[in-house]
Engineer: 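To start, I am sharing the structure in question, which I have written as structure tokens.
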Amino acid sequence: MTTTSMGSAPQKISLSRVLGPIHVWALGVGIVLVGEFDGWNFAADKGGALAALIVLWFCGLLYSAVAMIDSEVTSTIAAAGGQYAQAKHIVGPLMAFNVALYMVFAYTMLEVSDAILFGDAIVSKSGGDSGINHNSFVAASIIILAFLNYRGVLTNLNFNFAITAIAFLSIVILFFSVMPWSQGTVLKLNELVTPENALPYGWIGVIASFHWGIWYFLGIEGTTQAAEEVRSPARALPLGTMAGMVTLLIAATMTWYVCASLLPWQLLGSTYFPLWDAGRATQSPLLENMMFITTLLAALASANGCINDAARAWFSLGRDRYLPSWFSAVHPKYRTPYRSIIFLTPIALAFAFVADLNQAITFSILSGVLQYTFMSINIMMFRKKWPLGSIQRGYTHPLHPIPAIMLFALCMVTFFAIFLGYGVQLTAMVVFYIVVSVWFHFYRYQYVRRGAQFTMPWPKPQGY
Amino acid sequence: MWVYLTYLCWAVCVGLGGWMLFDWYKIDTTYSEDTLTSSREGEIEAVSEKHKV
Amino acid sequence: MAKYNPPDQPIVMQLFDIACLVAAIFLALWFPLYMGWAGISKNLEKIDNPTWDALKQNPTMVAQWEKLGFTPETAHAIIQNKWVYTIDWTQLIIMTVVLLGYFIFLFMASDREYRDVIDEKFNSK
């Protein structure tokens with residue numbers, strides 16, 4: 001920190017374009033990979049071990065559709081705020097406001113879950129009689145990551161790349177060290193998942209487990225938040241997102257196979273640390289400690305990406321005056337949306353101290369599914385208002401409209417799955433969105449400039 | 001040992017949190033509000049990417 | 001169409017807007033937690049003096065439970081705590097109506113605002 005450079009800062013300050021495809025990968029996979037270390041396994045609780053595998057496949061399909069659709073739209077609309085900027089250009093301001101809130105909710109509550117996981121893992125490691133609680137670890141993880149985010153996006157995502165890669169490698173190492181090719185030696189899939197207990201609740205259990213199946217991949221769409229900071233968005237975003245999706249499909253499949261072959265389904269469905277417990281079940285101290293450490297790393301990587309994404313969504317709202325423009329300040333030295341980062345930190349802290357883990361995850365999932373529902377409709381409108389050929393697209397996704405229809409159908413199934421057990425929360429949350437939508441449409445929108453919101457150099461949309 | 005770790009965590013929180021608040025205050029008082037909020041969406045695209053109609 | 005110039009918002013009102021939003025966020029997220037509405041459809045089917053046999057665990061399962069330090073007593077609360085999937089139709093209908101109403105309002109109001117944006121951007125010179 002020198003003060004000499006401060007007076008000579010340029011008149012215009014913007015986020016800086018410094019990221020490449022590996023950072024996009026690190027942001028996407030970093031946020032999501034924690035789902036393998038905690039969360040997906042509650043699908044086994046809701047429907048049995050086989051249900052967890054079935055939803056893994058279906059959610060893999062859902063998210064492949066999300067990644068393809070997202071890549072097309074965002075390689076064309078490259079702005080911080082990601083889906084928010086998409087909604088603003090394609091559907092309209094109120095939709096954009098809602099989408100930004102979905103993201104801030106989904107990411108902030110995911111960050112909260114990560115911090116709780118981080119704290120609980122350490123407390124659990126310390127043993128029951130150490131007499132400590134998780135608050136200090138929760139707070140430290142949030143504050144340290146907020147600090148890293150404050151200090152600049154490049155260092156931050158380099159850090160994220162390193163810890164995400166280590167966490168991913170640990171899953172691969174665990175997978176190969178239990179000799180997956182030889183069932184019966186360490187792994188006991190046949191005896192743990194039997195015809196009697198594979199689907200203990202029948203097909204309704206499979207539907208219900210969609211609720212947590214989402215958690216295998218939730219957050220991969222966050223790659224678009226980096227749009228304004230990557231050097232070549234049209235290339236790096238599709239590349240990083242797709243590579244991330246492939247990584248996650250591999251990690252999720254390995255995780256299911258190892259965990260379902262080592263832990264009885266009720267245990268799998270109730271633990272907060274499925275991979276760590278799988279490491280313990282091998283009775284190798286080396287594997288156990290490795291999975292403990294990478295559980296912590298995965299939680300940090302995820303929380304880090306979430307702070308990054310939530311702050312950019314909040315920043316974009318300020319920049320268009322959807323929220324007071326005060327939030328749209330960029331740090332002249334570190335080029336980060338520093339006020340948004342600081343503002344969201346105490347909110348995350350407050351929830352981290354009061355919420356419990358799977359409730360925080362449920363809030364995050366709810367906002368995520370609302371957002372995917374929007375995305376399926378959004379891509380239809382995008383193709384209709386600007387058909388292929390009318391503007392230059394960085395990437396065009398195949399088989400339109402099949403991915404969009406599939407995505408929409410899977411979202412409906414997931415809403416129903418959340419209803420089974422968390423129906424009141426879902427309704428309460430939608431009521432919240434209705435209230436803030438009315439507030440925005442009839443009151444707040446008066447402070448927003450109209451034509452200036454449309455920033456892409458595109459022709460007029462068809463039908464207007 | 002675990003108890004000392006929690007003290008360390010709180011100390012880190014106060015240190016880094018305090019630094020962020022201090023830096024925030026310093027930046028806000030050094031630069032004008034217009035400079036800080038001068039970022040605009042899509043400005044770079046408008047120059048570097050041309051779309052054919 | 002004439003260019004729309006938004007009024008300036010005094011700083012106090014900006015703060016007030018943020019406070020409203022934060023209050024709404026906390027209310028929406030905290031209230032269901034406070035009321036204990038989440039995940040309530042689980043039911044503990046209690047077995048007295050549980051054994052691994054009574055909990056229907058085969059020898060492989062028992063070995064894995066024990067590696068992680070569980071006994072029949074501690075595993076009992078996990079194994080016998082089961083979901084009850086009954087569909088409350090009234091609640092389902094309320095949820096569907098709220099969700100549908102929300103999306104319809106969202107897209108209709110957005111479209112109205114969007115027409116203004118397009119009009120000012122492309123039709124005013």
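Below, chains carry the letters A, B, ... as their sequence lines are ordered, and counting in each starts from 1.
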Engineer: In terms of heavy-atom proximity below 4.5 Å to chain A, should C:F26 be classed as side chain, backbone, both, or neither?
Structural biologist: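 Its backbone and side chain both get close to chain A.
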Engineer: By a 4.5 Å heavy-atom criterion (distance strictly below it), what part of A:W265 contacts chain C: side chain, backbone, both, or neither?
Structural biologist: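 No part of A:W265 comes within 4.5 Å of chain C.
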Engineer: Determine, for C:R115 against C:D111, whether the closest basic-nitrogen to carboxylate-oxygen distance falls under 4.0 angstrom.
Structural biologist: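 A salt bridge is present here (some side-chain N lies under 4.0 Å from a carboxylate O).
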Engineer: When you measure from the side chain of A:T108 to the backbone of A:A348, do you find a donor-acceptor pair of N or O atoms at a distance under 3.5 Å?
Structural biologist: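 Answer holds: no.
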Engineer: Under 4.5 Å heavy-atom distance to chain C, tell me which part of A:N197 shows up: side chain, backbone, both or neither.
Structural biologist: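 When you check distances to chain C, only side chain atoms of A:N197 fall under 4.5 Å.
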Engineer: Test of understanding: with side chain to side chain donor-acceptor pair (under 3.5 Å), list the residues that count as partners of C:Q91, not counting sequence neighbours.
Structural biologist: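 Residues passing side chain to side chain donor-acceptor pair (under 3.5 Å) with C:Q91: none at all.
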Engineer: Please confirm whether the backbone N or O of A:L94 pairs with a side-chain atom of A:H441, one donor and one acceptor, at under 3.5 Å?
Structural biologist: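 No, because the side chain of A:H441 does not come within donor-acceptor range (under 3.5 Å) of the backbone of A:L94.
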Engineer: Donor-acceptor pair, distance only, cut-off 3.5 Å: does the side chain of C:E120 make one with the backbone of C:Y4?
Structural biologist: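 Yes, because the side chain of C:E120 sits within donor-acceptor range (under 3.5 Å) of the backbone of C:Y4.
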Engineer: Against chain C, label A:T373 side chain, backbone, both or neither, depending on which of its atoms sit under 4.5 Å from a heavy atom there.
Structural biologist: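 Side chain of A:T373 only, per the 4.5 Å heavy-atom cut-off to chain C.
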Engineer: Considering only heavy atoms, which portion of A:L366 lies under 4.5 Å from any heavy atom of chain C: side chain, backbone, both, or neither?
Structural biologist: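 When you check distances to chain C, no heavy atom of A:L366 falls under 4.5 Å.
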Engineer: Of the backbone (N, CA, C, O) and the side chain (C-beta and beyond), which part of A:V104 lies under 4.5 Å from a heavy atom of chain C, both, or neither?
Structural biologist: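 Contact with chain C is absent: no heavy atom of A:V104 under 4.5 Å.
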Engineer: What residues of residues 56-70 of chain C sit under 4.5 Å from chain A when you count only heavy atoms?
Structural biologist: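 Heavy-atom contacts from residues 56-70 of chain C to chain A are C:Q57, C:N58, C:T60, C:M61, C:Q64, C:W65, C:K67, C:L68, C:F70.
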Engineer: Can you tell me which portion of A:V448 sits under 4.5 Å from chain C's heavy atoms? Options are side chain, backbone, both or neither.
Structural biologist: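 Contact with chain C involves the backbone of A:V448 alone.
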Engineer: Give a yes/no verdict on a cation-pi contact between C:K121 and A:Y464, requiring under 6.0 Å between NZ or CZ and the six-membered ring centre and an angle within 45° of the axis.
Structural biologist: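 Not satisfied by the 6.0 Å and 45° rule.
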Engineer: At under 4.5 Å between heavy atoms, what parts of residues 202-209 of chain A are in contact with chain C? List them by residue number.
Structural biologist: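 Answer by number: A:I204, A:G205, A:A208.
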Engineer: Does any backbone or side-chain atom of A:Y201 lie under 4.5 Å from a heavy atom of chain C? Answer side chain, backbone, both or neither.
Structural biologist: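 For A:Y201, the side chain is the part near chain C, not the backbone.
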Engineer: Under 4.5 Å from any heavy atom of chain C, what part of A:L267 do you find: side chain, backbone, both or neither?
Structural biologist: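 Its backbone and side chain both get close to chain C.
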Engineer: So, using salt bridge (charged side-chain N to carboxylate O under 4.0 Å, His left out) as the criterion, who are the partners of C:E45 when residues are at least two apart?
Structural biologist: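 For C:E45 the salt bridge (charged side-chain N to carboxylate O under 4.0 Å, His left out) partners, ignoring immediate neighbours, are C:K82.
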Engineer: Is chain C contacted by the side chain of A:L192, its backbone, both, or neither, given a heavy-atom distance below 4.5 Å?
Structural biologist: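 Both parts, heavy atoms under 4.5 Å.
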Engineer: Does any backbone or side-chain atom of A:F351 lie under 4.5 Å from a heavy atom of chain C? Answer side chain, backbone, both or neither.
Structural biologist: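 For A:F351, the contact with chain C is made by the side chain alone.
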Engineer: Of the backbone (N, CA, C, O) and the side chain (C-beta and beyond), which part of C:L15 lies under 4.5 Å from a heavy atom of chain A, both, or neither?
Structural biologist: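 Neither part; nothing is under 4.5 Å.
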Engineer: With a 4.5 angstrom heavy-atom cut-off, is it the side chain or the backbone of A:S437 that approaches chain C, or both, or neither?
Structural biologist: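 The answer is both parts of A:S437.
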Engineer: Can you say whether A:Q453 sits under 4.5 Å from chain C via the side chain, the backbone, both, or neither, judging by heavy atoms?
Structural biologist: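 Looking at A:Q453, just its side chain touches chain C.
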Engineer: With a 4.5 angstrom heavy-atom cut-off, could you sort out which part of A:E191 is near chain C: side chain, backbone, both or neither?
Structural biologist: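 Both backbone and side chain of A:E191 come within 4.5 Å of chain C.
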Engineer: Is C:I18 close to chain A through its backbone or its side chain, or both, or neither, when contacts mean heavy atoms under 4.5 Å?
Structural biologist: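 Looking at C:I18, just its side chain touches chain A.
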Engineer: CZ of A:F440 to CG of C:D17: how many Å apart, nearest 0.5 Å?
Structural biologist: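 Separation between the atoms: 11.0 Å.
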Engineer: Where does A:K46 contact chain C at under 4.5 Å (heavy atoms): side chain, backbone, both or neither?
Structural biologist: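 Its backbone and side chain both get close to chain C.
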Engineer: Looking at NE2 of A:H89 and CD1 of C:I118, how far apart are the two atoms once the value is rounded to the nearest 0.5 Å?
Structural biologist: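 If I round to the nearest 0.5 Å, the distance is 8.5 Å.
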